[in-house]
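Written below as C-alpha cells is the structure these notes are about.
Residue numbers begin at 1 in each chain, while the letters A, B, ... track the order of the sequences. Everything numeric in this text was worked out from a predicted model, so none of it was measured.
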2 protein chains.
Amino acid sequence: MADRNAANVMGRGESLLFLTDDQLRRGIEAMFFAYRGFTADPDRILQDYGYGRAHHRAIHFINRSPGTTVNNLLSILGVTKQSLNRVLRTLVEDGLVDSRVGTRDKRERHLFLTPKGAALERELSEAQRSRMRDAYRAAGPEAVAGFRTVLEQMMNLEMRRQYMDGGDGAR
Amino acid sequence: MADRNAANVMGRGESLLFLTDDQLRRGIEAMFFAYRGFTADPDRILQDYGYGRAHHRAIHFINRSPGTTVNNLLSILGVTKQSLNRVLRTLVEDGLVDSRVGTRDKRERHLFLTPKGAALERELSEAQRSRMRDAYRAAGPEAVAGFRTVLEQMMNLEMRRQYMDGGDGAR
DNA sequence: AGTTTATGTCAGCCTTGTTGACTTTCCAAG
DNA sequence: CTTGGAAAGTCAACAAGGCTGACATAAACT
C-alpha cells in the first residue's frame, strides 16, 4: 500500500493526480525557500534606507491603492494600528508618504506615495518582478499559468479566512 | 504601446507568454497572501505550545533530516547560532528534540525528534498539507504541476543565491 | 603545542508584532 | 445642540526572534 498516505487531488473528473505526503512536504519546503528568496532582494534594498519589511508592505499597498485610508491598510495588512502607525510615521517623516486629511470625512487620513516614495516602490517591486521573471522563464509558460492559478486559490482561501474570523480591523 | 512594460517570458520556442508589470504585481501580492495563509494554521497551533515560527522551522528540518547537526541546521535556516540555540534549547528542555553527541566527531550534536516532537511535527505539517490540498483541489491537477515547477525554480534560484553569497554558516 | 572547528552561552540591541489606556477630532443620531 | 461612538493618534510596556560581540569548552586537526 504505497498510497496509504496519498492525497487524491482531482480536477473536474478529467484526470487524477496523486500526491503523497512527501510530495506535499516538498511543496511546503519550496514555499519556505521561495518566499525567502522572494523577500531577499527587497530586504537588502530596504536596509540601505533603514527600513524593514513592514515599511515595504505599507509602501506596496499604498501604491496599489492610492488614497487608501489607514483603516483600510490596517485590515489588509492584519496588524494593529500601533504597529502600522509606527511605520507610517517614519515614512511620512522621511517624505515617502503623504497623509492627507479626508475631505468628506476629516477623521480619515488618505495615504499617497510622494515621488520619492514612488521611486522606492519601483526599486523594490522591480527587484521582485525581476526574480519572478527569472523563475517564470526557467519554468516555461504553461507552468506559469498553473502557478498563477494555484497561487490565486491559496490567496482566495486566505482572504476568505481573513474575512470570516478577524476582519475587525480595529483591535 | 500597451506592451511597453511587458515581460516577455518564453518557453523553448513553443509559445509566448506576455506578462505585464501589473500581472507580475498581482503575482507578488498573491505570494504575500498565500504565504500568510500558509503559515496561519501552524502559527495558531504553535501558540498553544508557546512556540513560534522559529520552532516550527527547526522541527520541520530536523524531521526531514534526522540526525542533522546544529551547523547543518544553521546553514539551512540562515540564522545565527545564538538565535537557533535559543529555540533549540527550549525544544530540548521540553522534550521535543533529542540532542546526541556525535560518535565519530564528539563536538557535533546530532538532532532527532522525540515521539512528542514527531507528534507536533505531524500536527503542524498536516495543517499545512491540508491547506495545500484545498488549493490544489480547487486549481486542478494541471495547474498543480505548473505550480510545483515554478516553485521549484524559485527555490533553486534561492538555494543558489544562498550558496553563493553567504554559506558561511558560522557568523 | 597550537590552531581551528563545533557548540553553547551571556549581554545587549533592533524591528515588529502585541495589549491596554487615554486623548482628540468630528460625524451623525437623537 | 448635545452626546455617543468611530477614526485616528499617542504613550507605555512587553515578547518573539532576528542581530552583534565576546568568551568558554571540548575535540579534532596540523
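- A straight line from CG of Leu77(A) to C1' of dG17(C) spans 13 Å, rounded to a whole angstrom.
- Rounded to an integer number of Å, the gap from CG of Leu73(B) to P of dT7(C) is 10 Å.
- Taking 4.0 angstrom as the limit, Asn71(A) places a side-chain polar atom (N or O) nearer than this to OP1 or OP2 of dA8(D).
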Write down the protein N/O and nucleotide N/O pairs, taken from nucleotides 14-18 of chain D, whose separation is under 3.5 Å; answer none if there are no such pairs.
unit_1	atom_1	unit_2	atom_2	d
dG17(D)	OP1	Gly52(B)	N	3.3
dG17(D)	OP1	Arg53(B)	N	3.3
dG18(D)	OP1	Arg57(B)	NH2	2.2
dG18(D)	N7	Arg86(B)	NH2	2.6

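- Annotation: cation-pi geometry not satisfied between Arg57(A) and Phe32(B) (NZ/CZ under 6.0 angstrom from ring centroid, within 45° of ring axis).
- With no hydrogens or angles considered, no side-chain donor-acceptor pair links Asp94(A) and Tyr49(A) at under 3.5 Å.
- For the residue pair Thr39(B) / Arg53(B), a side-chain donor-acceptor distance below 3.5 Å is found, with atom types taken as modelled.
- If you take CG of Asp43(B) and C1' of dG17(C), they are 12 Å apart, rounded to a whole angstrom.
- If you measure from atom CG of Leu74(A) to atom P of dG17(C), you get 11 Å, rounded to the nearest angstrom.
- Side chains of Glu121(B) and His56(B): a donor-acceptor N/O pair is absent below 3.5 angstrom, by distance only.
- In this entry the distance linking CG of Asn85(B) with P of dC23(D) reads 19 Å, nearest Å.
- The shortest heavy-atom contact between Leu113(B) and Ile59(B) is CD1-O, 4.0 Å.
- When the P atom of dA6(C) is taken as reference, atom CG of Leu88(B) falls 16 Å away, rounded to whole Å.
- Checking each of Val97(B), Asn63(B), Asn72(B) against Leu111(B) for a side chain to side chain contact (heavy atoms under 4.5 Å, CB included) leaves exactly one that passes, namely Val97(B).
- Whole-Å rounding puts the Arg89(B) CZ to dT7(C) C1' distance at 12 Å.
- Look at CD on Gln47(A): it is 12 Å from C1' on dT15(C), rounded to the nearest Å.
- Geometrically, Arg131(A) does not engage Phe38(A) in a cation-pi contact defined by less than 6.0 Å to the ring centre and at most 45° from the axis.
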Could you list the protein-to-nucleotides 20-30 of chain C atom pairs, N/O on both sides, closer than 3.5 Å?
unit_1	atom_1	unit_2	atom_2	d
dG20(C)	O6	Gln82(A)	NE2	3.0

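- When all heavy atoms of Gln23(B) and Leu19(B) are compared, the closest pair comes out as OE1-CA, 3.2 Å.
- For the residue pair His110(A) / Thr68(A), no side-chain donor-acceptor distance below 3.5 Å is found, with atom types taken as modelled.
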